[in-house]
Amino acid sequence: MQIVLESVTKRFGSVRALENISLTMKPGQIVALLGPNGAGKTTLLRCLSAIMAPDAGRILYDGEKFNRGRVDLRKKLYFLPDFPVVFHELSVTRQLAMILGLYERGGEGIAAAVTQHLAELDILSAIDTPIGRLSRGQIYKTALTALLSVDPELWLLDEPFASGMDPVGITYFKKQARLAAQRGRTVLYSTQILDVAEKFSDRVCLIHRGQLRVFDAVENLQAQAGSENSVLEDIFKMLREEGQ
Amino acid sequence: MNSFRGLVKAIRKEARTRLRVSRTHWKEYKKLRQWSGMRFVRRGGLYALFLGLMTVSFAVSLKNQKFPLILLTLYSAATILGRANGLSELLYKSGDLAFSMHSPVTDKQFFDYAWLHFLKSSLFVWFYSFLAFAYLALAADGRGTLWAASIIAATLQWLLVVSLAVLVALVLQRWPSLMKLAAPLYLSVFAMFFVPASVATPIWKVLQSLPTAWISMIFEKGVIDGQARALSMLPLVLLILSSLPLTYGRLRKTYPMTELLYPLAGNTPGSYGDDEYQEVPGERDWQSETWENTSPTANPRIMVAHLRPLDWSCSGWLERVAARLMNSREKAIGEFLCGGGVGFWSAQWRRACMIAAIGMIAVFLGPWIPVWIPVCAGIIASMFALPVLGGFWSGMQPIKVYGMERPAFADFPLSYTEISRVLAKVNLLRCAAWLPIGLFYAAMLAWRVKLPVEEGIQIGVGIILIVISLQPLLIVGRFSLHSDDTKKLTLHSVGMTLIALCIALLFLFLMLILFAWTQWAPPEGRAVTAVVAMAGLFCCSLTLWFCYRIYFDRGRVDTMRSADN
């Protein structure tokens, strides 16, 4: 799915959370969304998932204008927030079945796929456990299983590396995201862990005070920097000095 | 925890000095800071103030001195349960407890903090008591000593509520079901606004058995009327007050009664408790499959059984009929909106039938039972059976994260129309299911109050039609409730608000025509007027639903807003 943002702006009162963000994301990429706290990363993810509506500008998915009314387009994306929506009374399988039902995924092989993901994420034994009894990491893994099983064209994840998942879960997520990108899916995730962003992503999208400051391939940034330090660390340092 | 004001001041002073050095930082600070009055508004202070003043003005307009005392008695009784539960929640299940568990704070220190919070939160009782007693003092002659007595009485009333709340908090650990009484008590306070002035005295006589009425009795009869006999209640009051140090000591000494568990398990549109886990209809079938010693990885067939949609046919009759009215997509949405299960509308309908049956017995008992009892039973039964406020939908409940809230459905690809269709189908079905019983009940009531039976049926039909005509409005309300449509000022939001206001005014006007004008209109024109007014109500409601749909679907509103508390 090709994602195009044209002058997307979002304000909260006098605070400009996003200001004239314009970019084009081609399919088959893993993009890290970076920025200091309060930069507008989560707001951008929420705008891309139609939870929030931009005050100005527009979002195009495969050339089609996106808004909340376009359920057909919304079924092609999955937004996994840092605290996913779960019903604590439901068992893990019931929760998964409900989400798969909403995304209308119920064909051949879905059960095997779900089982595989649950097993790889080490939560297979919890299938009949009410979600309220799971730990935060396990709840996140359940929600991640839903995302992996839905296999949307656009993955939107808010801080997946600070979600409480154990190394097994993180490794599996990375592996699946890479495979998804190879299948032409777009993975956009926010993070504050620069090492991960630098090694795991194809591109970096850096927002500072609501403005798009960097949107480039990691290799290009590394080539431009030419220093031994982490290029992203240098950029963050520069941004901070700029604000002082 | 508020006991660090000095430090807060010092930090603010230091930080503001540093912020002033940089123009950018100072500008950003000014953008981000919150108006200090907002804290008061968010804590509900304004609402409480408004409620108090409204109560007094209501009592004054009735010119019946019993009403403030009745309201105070009921409010105090409800507050005892409410505050006891509040204290219990704060001590065992609150976010504050989570905070304290992460901090170097002892259990006793946390208890002291919770106690202070509890005392502060119960102070509205003093305020309302003072309003009630001051009204009586003013109505008597307003002499200075009565004002002083009002302050003392209000303080005693507050202490009485605190004493009893602590007592209840101690008991609440063993009988948590006691809390179920709180909501009816609070509701009865509001119900009093609709009770005719003539029944104030008998109600007050019944309520005098409640301890929360004793100080009011002493004030009314002992202080104002000067009857020494009324002061005989004083030892009883003092006895309750003297229990406070003992109960407080016991509560503090025994805290925590059970091992403290980290209360913030995560993020859910509802709370979870061990005994609240309800089996999903059809789930037993999956669980009955013997699959011990079988690895689900090796046998995806088992997972197929787990992942299949819910079996609506295992549920009550209303759910089964609803399932027939819905296609598979709507069923999936319905399950989500019901929180991953099938609704419990049949159970509510059965409960309503039972209440209506009790009401009918009261109707047949005729003169021995006051007429307001079957009327109240009818209202309560209808509240259960009809989606008066649009019904309860877990999938539309808010999820609060970091001071923001968004409805659960916002994260999933569900459209305004799809959700509305499911809500409308279920709610209309519930209305239809209640229609025959409701009409029969209305006819019986009409017979009881010696009105023509047809008139009773007409009123019943009118009420059910109004509930139906309200459904699109209520659906809009559901979407609007957790969105930011009233929180931001844009051309679209102003336009939508104006449209909503115009439609609401027209709706009220049509209601007025339906209920008032049809009484005065010439008999031959009444039916036509009523039909036109009813059609107008439907049109208004649907127009608003349609306008909001355009507004919502085009993304003019965020399905997210800052949480109020």
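Sequence lines set the chain letters: A, B, ... in the order given, protein chains first and strands last, and positions in each chain run from 1.
B:Arg554 CZ: 12 or fewer foreign heavy atoms inside a 6.0 Å radius. Heavy atoms of other residues, nucleotides or ligands lying less than 6.0 angstrom from CZ of A:Arg183 number more than 12.
Contacts between A:Arg46 and chain B at a heavy-atom distance below 4.5 Å involve the side chain alone, from C-beta outward. Heavy-atom distances place no part of A:Phe66 under 4.5 Å from chain B, backbone and side chain included. Heavy atoms of A:Asp55 lying under 4.5 Å from chain B belong exclusively to its side chain. Within the 4.5 angstrom heavy-atom criterion, no atom of A:Leu73 approaches chain B. Heavy atoms closer than 4.5 Å to chain A are found nowhere in B:Val21, neither backbone nor side chain.
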For this session: Give the C-alpha distance, both sets of side-chain angles, the deciding distance and a yes or no for side chain to side chain contact (heavy atoms under 4.5 Å, CB included) between B:Arg556 and A:Asn67.
Result: CA-CA 9 Å; B:Arg556 306 295 185 206; A:Asn67 58 34; over 6 Å; no
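For the pair A:Arg68 and B:Phe552, the distance from NZ or CZ to the six-membered ring centre is under 6.0 Å and the angle to the ring normal is within 45 degrees.
Residues B:Thr559 and A:Met52 have side chains not in contact (no heavy-atom distance under 4.5 Å, counting atoms from C-beta outward).
The distance between the ring centers of A:Phe79 and B:Phe412 does not fall below 6.0 angstrom.
Separation of atoms OG (B:Ser483) and CD1 (A:Ile51) is listed at 13.5 Å; rounding is to 0.5 Å. Atom CZ in B:Phe409 sits 12.5 Å away from atom CG in A:Leu102 (nearest 0.5 Å). Here B:Glu335 contributes atom CD and A:Phe87 contributes atom CZ; the two are 11.0 Å apart, rounded to the nearest 0.5 Å. Here B:Cys338 contributes atom SG and A:Met98 contributes atom CE; the two are 10.5 Å apart, rounded to the nearest 0.5 Å. From B:Ser415, atom OG reaches atom CZ of A:Arg70 across 12.0 Å, with rounding to the nearest 0.5 Å. To the nearest 0.5 Å, the span separating CG on B:Leu414 from CZ on A:Arg74 amounts to 6.5 Å.
Contact tally against chain A (heavy-atom pairs below 4.5 Å) for B:Ala332, B:Gly339, B:Ser328, B:Gly555: the top residue is B:Gly339. With chain B as partner, the option from A:Pro81, A:Ser125, A:Ser49, A:Ala50 having the largest number of non-hydrogen pairs under 4.5 angstrom is A:Pro81.
Between A:Lys10 and B:Asp558 there is a salt bridge, since at least one side-chain N of the basic residue sits less than 4.0 Å from a carboxylate O of the acidic one.
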